[in-house]
There are 2 protein chains.
Amino acid sequence: MARPRAAARIVEHPDVSEVSLQQLLEALADPVRRMVVSQLARADEDMSCGTFQAPVSLSTLTHHFNVLREAGVIRQYYLGTAKMNTLRTDEMEQRFPGLLSAVLAASVAEGEAGAV
Amino acid sequence: MARPRAAARIVEHPDVSEVSLQQLLEALADPVRRMVVSQLARADEDMSCGTFQAPVSLSTLTHHFNVLREAGVIRQYYLGTAKMNTLRTDEMEQRFPGLLSAVLAASVAEGEAGAV
DNA sequence: CTCATAGTACGACCGCCATCGAAGCACCTC
DNA sequence: GAGGTGCTTCGATGGCGGTCGTACTATGAG
């Protein structure tokens, strides 16, 4: 039967208008989270949670994804067993013009982003 | 006589090239420090440490000034008994293009900066 | 010299957050 | 179904940073 089982895997996202500067800066102030964001920025496609390079355990990484999502930085959705991630670049640009892009540029310049 | 007594009150500042993105973001991630930076940005002249509006004690404020100075955000110098503060706007713009200005703009937009 | 003013240094406290491992749950493949 | 993969949840831990008050130093004014 087509029971509403799929409803169990819906991910909640804040509207960017609900995100505070404080939240965003706290989110970006962590080096691991910045690695995630950088890798996402340089990727051609959306990435699943398991494909990131980071020097922490998987459960810690889950925590960081939550923080980034609640700060409006990333959007997540399920695709089979995988949980995919995208940057909310355009929305963040509207909410905090120039901020995310400046951080990303600086991050790249410093060689962050877990070089391949 | 103009003896070199003033030498005792020289403040050390890092070169902006020595400042890391991590340092800067940590510095800007604190709301009190952002209040300081915002007030400095909207001021016409340099401000002495005692003239800032902040919901913390004076000794705590001293701590925040140190963090901001070590992150290359402000420059400090003595003027009589007062210790003055300036934003290193141009240098930061060179080091992290668009970053400080974006944070300041967002801060203003959110009504931070301890309204007068 | 003496006092007042401006800020610093120090030590203590406390709360928060990044971290982990282990156990659990949802979905896909056989 | 049964098993496996992929990610989450939970509770515990540890360390760092923001906060304060008090004692202290340095400068300027009288």
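Just so we're on the same page: letters track the sequence lines, and every chain starts at 1. Please read all numbers here as calculations on a predicted model, not as lab measurements.
- Here dC28(C) presents its C1' atom at 18 Å from NZ of K83(A), a figure rounded to the nearest Å.
- Spacing between atom CD of E26(A) and atom P of dG17(D) amounts to 14 Å, rounded to whole angstrom units.
- Residue T60(A) places at least one side-chain N or O closer than 4.0 Å to OP1 or OP2 of dC20(C).
- Atom NE2 of H63(A) is separated from atom P of dG6(D) by 23 Å (rounded to the nearest Å).
- Distance Q76(B) CD to dT8(C) P: 7 Å, rounded to the nearest Å.
- Counting only heavy atoms from C-beta outward, the side chains of V16(B) and Q94(B) never approach each other to under 4.5 Å.
- Distance R9(A) CZ to dC7(D) P: 9 Å, rounded to the nearest Å.
- Counting atom types as modelled, S59(B) pairs a side-chain N or O with a base atom of dG21(D) as donor and acceptor under 3.5 Å.
- In this structure the side chain of K83(B) never reaches within 4.5 angstrom of the side chain of S48(B), judged on heavy atoms.
- Ion pairing of R69(B) with E12(B) is absent here, as no side-chain N (NZ or NE/NH1/NH2) approaches a carboxylate O to less than 4.0 Å.
- Across the protein-nucleic acid pair, L79(A) atom CG and dG6(D) atom P stand 13 Å apart, rounded to whole Å.
- Nearest-nucleotide positions on DNA chain C place V56(A) closer to the 5' end than the other of V56(A) and T81(A).
- Look at R33(B) and you'll find a side-chain N or O under 4.0 angstrom from OP1 or OP2 of dG18(D).
- Looking only at side-chain heavy atoms (C-beta outward), I74(B) and R88(B) stay at 4.5 Å or farther from each other.
- Within 4.0 Å (heavy atoms only), V32(A) reaches sugar-phosphate atoms of the nucleic acid but no base atom.
- Taking side-chain N and O atoms only, S57(B) has a distance below 4.0 Å to OP1 or OP2 of dC20(D).
- Counting heavy atoms from C-beta outward, L40(B) and T86(B) have side chains that stay 4.5 Å or more apart.
- Distances shown here put a side-chain N or O of H64(B) below 4.0 Å from the OP1 or OP2 atom of dT19(D).
- In this structure, CG of D30(A) is placed 11 Å from C1' of dT19(C), rounded to the nearest angstrom.
- Atom CG in N66(A) sits about 7 Å away from atom P in dT8(D), given to the nearest Å.
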